[in-house]
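Quick notes on the structure that follows.
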Amino acid sequence: MAKLTSREQDYSKWYNELVVQADLAQHSDVKGCMVIKPYGFAIWERMREVLDGMFKATGHQNAYFPLFIPKSYMSREAAHVEGFAKECAVVTHYRLMNDPETGEIIVDPEAKLEEELIVRPTSETIIWNTYKGWIQSYRDLPILVNQWANVVRWEMRTRLFLRTAEFLWQEGHTAHATRNEAIEEATQMLDVYADFAEKWMAMPVVKGVKSEAERFAGAEDTYCIEALMQDGKALQAGTSHFLGQNFARAFDVQFQTKEGGLEYVWATSWGVSTRLMGALIMTHSDDKGLVLPPKLAPIHVVFVPIYKTDDQRAAVCEKGAELCDALIGQGYEAKLDDDDTKRSGWKFAEYELKGVPVRVAMGPRDLENGTVEIARRDTGEKELVPLEEAKDYIVKMLELIQEELYTKALNHRVAHTTRVDTWEEFKEVLEGKGGFIEAHWDGTSETEEKIKDATKATIRCIPLDQKEEEGRCIFSGNPSRGRVLFAKAY
RNA sequence: CGGGGCGUAGCGCAGUCCGGUUAGCGCACCUGGUUUGGGACCAGGGGGUCGCAGGUUCGAAUCCUGCCGCCCCGACCA
């Protein structure tokens, strides 16, 4: 296995190589689409499992809506169709045939669909068209539904996990009787995402609101969590939208109030995708490969036996099996790698590449001394520990790794968040150390656009905890009431 | 869609400019042996419509024409 390109040398090459070499995913033969390999999918499954539990705990239920959306639905909400029109895959026919002349398989020109179908880029339209039939009175509200699905957005340029033509995600779609209830739902789900990112992915995030230019097509407000990657670029890790009554109006979804009036329903939608995999990778990993937070690692501990003779092998593996069983008994995934066709050094490198948080090695010397060597993936530290203490030691170590990964990532973000008051300084920080920049902005899309054209930096969000502070826009010099977060983004 | 690059064994590549035995190398794979505390070594072996289709030629991976696909850089985006 070739060595990874270092992050310093070429961060984006490092990422691409890591994803492929750690067996997370590969490019498929279909342009812009990826194959998620079993090891990568195991991580996604773990994320899905945890998030699904959090959605259920907040009162949501899962359902499933169609992959195909009639073209006419898309055009009902003006901003929505405008936002997605340029990246929609369209189904126009429903049958193939053999070309009578060449014998080749061709699209049967007779089998043209009367109404073309869009492959969903998101499901608001089909869902609100359905909700119309579900909602008559205030008693039918709220509707709290989530779906796990694939969606297609025909991207020009793609990158494994970060941007692919087809990706996996979840999309929550809720319907409420009041504006406030919907806003509460949207912010609640943002909190769920932030919680998940920080407690499970060990990835600190900034909660905020998108500017008008970055807002979801069809939303009144888009809340987001923004994370900072090791290369100083920001990554939007999740979004939660307050949709107002836009979709209710577009699909004529009204309900009768207690008082007998007729009102449009208030809506939210919220989602996270396999993009979180990219975020996870770029938050913690190093030049040796993947680094995974224990809470999401498919394998927590790997035991690598070291031996010369068959007797030694049997003896060491027996101890290894006991230790693994003990860990499994405590709810951890522990793997004894007794594969005789690979040598220990090869295994060490392999598990480091795959980000297994803790590695235990035991050889003849350890057998004699009653010890094992325990190595931490994140710091690379190794320690000799008495065998009988190994289990408890490892359990504590896993907790510690989870905490310290978060702390390390948080320190990185703090160190790469810069407060800036002039345009010169803004450009300098952006070109130099990168990261988040806290700066004053006059609140207009025109200024945001001009800053983007000049520097490629965008407003990642207006932080929810933004402090009131009189200032002047770094670009236009017009008055501003508080700082927003700028960065170059993925 | 514009600019660049690439397509030769499972993967990574050389060979192409300047046509000429049986198309080569590294990794991986198989067999045997020696090894085994940080990606082992030796020996032997298997594996190819040289992206596709035409053309030029005694002869094409190599030259010509057309097509297809992918990757990278830009505009668009979770």
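Scope of the values below: all heavy atoms of this structure, side chains included, with no hydrogens, waters or symmetry mates. The chains referred to below are lettered A, B, ... by the order of the sequence lines, with proteins before strands, and numbering in each begins at 1.
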Report the base-pairing partner of [N] (Watson-Crick or G-U wobble, both distances below 3.5 angstrom), or none.
N     : value
B:G38 : none
B:G44 : B:C30
B:G66 : B:C52
B:C25 : B:G12
B:G2  : B:C73
B:C17 : none

Just checking [X]: base, sugar-phosphate only, or nothing, at a heavy-atom cut-off of under 4.0 Å?
X        : value
A:Ser273 : base
A:Arg359 : base
A:Thr164 : base
A:Phe167 : base
A:Lys288 : nothing
A:Leu235 : nothing
A:Glu352 : base

Under 3.5 Å side-chain donor-acceptor pair for [X] and [Y]:
X        : Y        : value
A:Tyr490 : A:Asp231 : yes
A:Thr268 : A:Thr174 : yes
A:Asp366 : A:Thr371 : yes

Between [options], spot the one nearest the side chain of [X], thanks.
X        : options             : result
A:Arg275 : B:A78, B:U36, B:G38 : B:A78
A:Glu350 : B:A78, B:G37, B:G39 : B:G39
A:Arg365 : B:G39, B:G37, B:U36 : B:G37

Spacing of [X] atom [atom1] relative to [N] atom [atom2], expressed in whole Å:
X        : N     : atom1 : atom2 : value
A:Met282 : B:A78 : CE    : C1'   : 12 Å
A:Arg377 : B:G38 : CZ    : P     : 17 Å
A:Lys347 : B:G37 : NZ    : P     : 11 Å
A:Gln21  : B:G10 : CD    : P     : 19 Å
A:Tyr307 : B:A40 : OH    : C1'   : 14 Å
A:Leu160 : B:C72 : CG    : C1'   : 14 Å
A:Arg153 : B:A78 : CZ    : C1'   : 6 Å
A:Ile225 : B:A78 : CD1   : P     : 14 Å

**OP:** Mark yes or no for a side-chain to base donor-acceptor pair under 3.5 Å between A:Glu373 and B:G38, with no hydrogen or angle criteria applied.
**Re:**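 Flag unset: no donor-acceptor pair detected.
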
[N] to [M] separation - [atom1] atoms, rounded to the nearest Å:
N     : M     : atom1 : result
B:G7  : B:G45 : P     : 30 Å
B:G12 : B:C70 : C1'   : 16 Å
B:U21 : B:U62 : P     : 14 Å
B:G24 : B:U36 : C1'   : 33 Å
B:G15 : B:U8  : C1'   : 9 Å
B:A61 : B:A53 : C1'   : 16 Å
B:G48 : B:G33 : P     : 28 Å
B:C42 : B:U35 : C1'   : 11 Å

**OP:** Decide side chain to side chain donor-acceptor pair (under 3.5 Å) for A:Gln61 and A:Lys56; before the verdict, give the C-alpha distance in whole Å, the side-chain angles of both, and the deciding distance to 0.1 Å.
**Re:** CA-CA 6 Å; A:Gln61 290 181 299; A:Lys56 304 263 170 72; over 6 Å; no

Subject >> Parallel, tilted or perpendicular: rings of A:Phe196 and A:Trp200 (30°, 60°) >> reply: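 Aromatic pair A:Trp200/A:Phe196 classed parallel.
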
Show me the protein contacts with nucleotides 74-76 of chain B, counting only N or O atoms at under 3.5 Å.
| from | atom 1 | to | atom 2 | distance (Å) |
| --- | --- | --- | --- | --- |
| B:G74 | OP2 | A:Arg157 | NH1 | 3.0 |

Answer yes if the ring centres of [X] and [Y] are under 6.0 angstrom apart, and no otherwise.
X        : Y        : value
A:Phe216 : A:Phe242 : no
A:Phe436 : A:Phe486 : no
A:Trp270 : A:Phe55  : yes
A:His173 : A:Phe65  : no

Subject >> Most 5' of A:Thr158 and A:Phe161 on RNA chain B, judged by nearest nucleotide >> reply: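 The answer here is A:Thr158.
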
Subject >> Side-chain N or O of A:His27 closer than 4.0 Å to phosphate OP1/OP2 of B:C70 >> reply: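 Indeed not, no polar side-chain atom of A:His27 lies that close.
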
Original post:
B:A40 phosphate, OP1 or OP2: any side-chain N/O from A:Arg343 under 4.0 angstrom?
Top reply: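 Yes, because at least one side-chain N or O of A:Arg343 sits under 4.0 Å from OP1 or OP2 of B:A40.
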
Original post:
Does NZ or CZ of A:Arg7 come closer than 6.0 Å to the centre of the six-membered ring of A:Tyr11, within 45° of the ring's axis?
Top reply: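 No; the conditions do not both hold, so A:Arg7 does not lie above the ring face of A:Tyr11.
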
